[in-house]
Amino acid sequence: MPTPAISVAMSVYNGERFLVPAIDSILAQDFTDFEFLIVDDGSRDASPAIIADYASRDCRIRPILRENRGLIASLNEVLHAARAPIVARMDADDISRPSRFARQFAFLEAHPDYGVVGSWSEDIGEDGEPMLRDGADHPVTHDELLAAIEIGGQLICHPAAMYRRDVVLSQGGYHAAFRHCEDLDLWLRLASVTRLGNIPERLLRYRRYPGQVSSRHSTEQQIGSAVARLAFRERQAGRPDPTADLDHLPAIDALDTLFGRRGVSRQVREEVALGLRYSPVAMRDDGFDLLMTHLREGGRRDGMWRTVARLVRFGAPGRALRLATALATTAAA
C-alpha cells in the first residue's frame, strides 16, 4: 500500500456517546490522503462495534481492539504503528472542521522548522451547543509559545495537534509518568528541539462536559503539569531531568528528594493549591486537602475568603466552614 501523508491517532475508552460524530468529522476532511488508526483501549460499551463497523466501510481505518492499557500506552502504540511521517491527533469526543488537515499539513510543508502545529478551538457542550470561551486563545508563534511557558499558559490543544512523527519519537514519545498531562510534558520537551505553534483558526470543536477526563482528574493533572514545568526548567538550566525515566510521579512530599533541593514540594503544592480553588471537582475531592495542607505550611492566603464563598456555591458547605475556621485561626495566631 502507498504510504499515506498523514496518520490520524485516536484512542477510545468507553466513548460510544460521541464517537460517531468524531469519526465522521475525520472521514469528512477535505484532505483525504490519510490512514486512521483507532485504538479501542478495552472499552466495555459499544465503541469496539462502532469502530469495526466503520472499518468495514472505509479502508483508511486501521482498528486496534485490545485490553485496557491507558491513554499514554495507546498513543505510543499508534506512534510506532503509524506509516505516515505526519501524525494528527484526535479525541473521541471532539469534532474536526473539514479544512483542519489541509490547513495544518500545508503549514508543516511551508515551515520545515516547525515540528508541531495546533490550532485555535471552539468550545462546545455535551450536545454540540456553542459555549463562551473564558480564556485567551493559544499562542500562535514559537516565540509566543515560549513566553506562555514562562507564565504557565496554555500551549497547544492536544486533539488539535499535528506533528512530525520522527521528532516526537526522537524525544521518547509520551512519558508514562505524566498521566492526564502527557501532552504538556511532550510540548515542553519538544520546545527545546523544534518549533511549535498554532494556526489562528478554530479548526477543532472541543467538547466540554462534566464526565471528561480533564474534569475527573483535575488534581492529578495540575500536579503533573507543575512537575512538568519544573522538569522543563531543569533542562533549560543544563541539569538532568529527574522525571525522564519515571513510570509514575512520586507524592508531592517526595519532590524535594527527586529534584535534589529543598522547597520544591512546597512550591508545587502552592502552585497547585492556588490553581485548584476554581475547580468544583477538585474542591470536592482531594484538591481541598491539598489546599488545607498549603495553608498549614503558612502558604499564601490571598483570595482564600473568596474560596470559602466558592465552596458554598460548589455545594460543599462543610468544607467552606473548615476553610473559614482555618483562616480565622491562622489570622488570630
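Every heavy atom of this structure was used, including side-chain atoms; hydrogens, water molecules and symmetry mates were not. In this text, all values refer to a predicted model and were calculated from it rather than measured experimentally.
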With a 4.5 Å limit on heavy-atom distance, are the side chains of [X] and [Y] in contact?
{"X": "I6", "Y": "V8", "answer": "yes"}
{"X": "M90", "Y": "S25", "answer": "yes"}
{"X": "E220", "Y": "R179", "answer": "yes"}
{"X": "E182", "Y": "H175", "answer": "no"}
{"X": "R165", "Y": "I86", "answer": "no"}
{"X": "Q29", "Y": "S96", "answer": "yes"}
{"X": "Y13", "Y": "R44", "answer": "yes"}

Would you say [X]'s side chain and [Y]'s backbone share a donor-acceptor pair under 3.5 angstrom?
{"X": "R277", "Y": "L274", "answer": "yes"}
{"X": "Q221", "Y": "T219", "answer": "no"}
{"X": "R89", "Y": "P159", "answer": "no"}
{"X": "N198", "Y": "S119", "answer": "yes"}
{"X": "R319", "Y": "M283", "answer": "yes"}
{"X": "D91", "Y": "D94", "answer": "no"}
{"X": "R266", "Y": "E297", "answer": "yes"}
{"X": "R284", "Y": "F314", "answer": "yes"}
{"X": "R189", "Y": "Q171", "answer": "yes"}

In this structure, would [X] and [Y] fall into the same cluster of hydrophobic residues linked by side-chain contacts under 4.5 Å?
{"X": "I26", "Y": "I199", "result": "yes"}
{"X": "V168", "Y": "L108", "result": "no"}
{"X": "I23", "Y": "V87", "result": "no"}
{"X": "I38", "Y": "V20", "result": "yes"}

Subject >> Among I156, L155, V117, T141, the one residue meeting side chain to side chain contact (heavy atoms under 4.5 Å, CB included) with L196 >> reply: I156

**OP:** Taking all heavy atoms of E270 and all of G299, pick out the closest pair and write down the distance.
**Re:**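 Nearest pair, atom of E270 first, then G299: OE1-CA, 4.0 Å.
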
Original post:
At their closest point, which heavy atom of A228 faces which heavy atom of L188, and how far apart are they?
Top reply: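 Closest approach of A228 to L188, heavy atoms only: O-CD1, 3.5 Å.
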
Quick one: do [X] and [Y] make a salt bridge, cutoff under 4.0 Å?
{"X": "D113", "Y": "R195", "answer": "yes"}
{"X": "R208", "Y": "E126", "answer": "no"}
{"X": "R229", "Y": "E150", "answer": "no"}
{"X": "D256", "Y": "R262", "answer": "no"}

**OP:** Check whether NZ of the Lys or CZ of the Arg R207 lies under 6.0 Å from the centre of the six-membered ring of F18 and within 45 degrees of that ring's axis.
**Re:**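 Verdict for F18: a cation-pi partner in R207.
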
Subject >> Within 6.0 angstrom of Q154 CD, more than 12 heavy atoms from elsewhere >> reply: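 No, because the 6.0 Å sphere around CD of Q154 holds 12 heavy atoms or fewer from other groups.
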
**OP:** Assert yes or no for the condition that the ring centre distance of Y54 to F36 is strictly below 6.0 Å.
**Re:** no

Subject >> Ring center gap for Y174 and H158 short of 6.0 angstrom >> reply: yes

Subject >> Full working for salt bridge (Lys or Arg N to Asp or Glu O under 4.0 Å) between D30 and R100 >> reply: CA-CA 8 Å; D30 299 336; R100 178 192 158 193; over 6 Å; no

**OP:** List the steps and the verdict of side-chain hydrogen bond (donor to acceptor under 3.5 Å, both in side chains) for T325 and R322.
**Re:** CA-CA 5 Å; T325 300; R322 283 178 58 193; over 6 Å; no

Original post:
Who passes side chain to side chain contact (heavy atoms under 4.5 Å, CB included) against E16, sequence neighbours left out?
Top reply: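 So E16 forms a side chain to side chain contact (heavy atoms under 4.5 Å, CB included) with D45, A46, S47, I50.
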
**OP:** Write out all pairs satisfying salt bridge (charged side-chain N to carboxylate O under 4.0 Å, His left out) with one or both partners inside residues 60-70, taking only residues at least two apart or from two chains.
**Re:** E35-R62, D41-R66, D58-R60, R66-E77, E67-R69, R69-E77

**OP:** State which residues pass ring-ring contact (aromatic ring centres under 6.0 Å, His included) with F107; sequence neighbours excluded, sorted by chain then number.
**Re:** H111, Y114

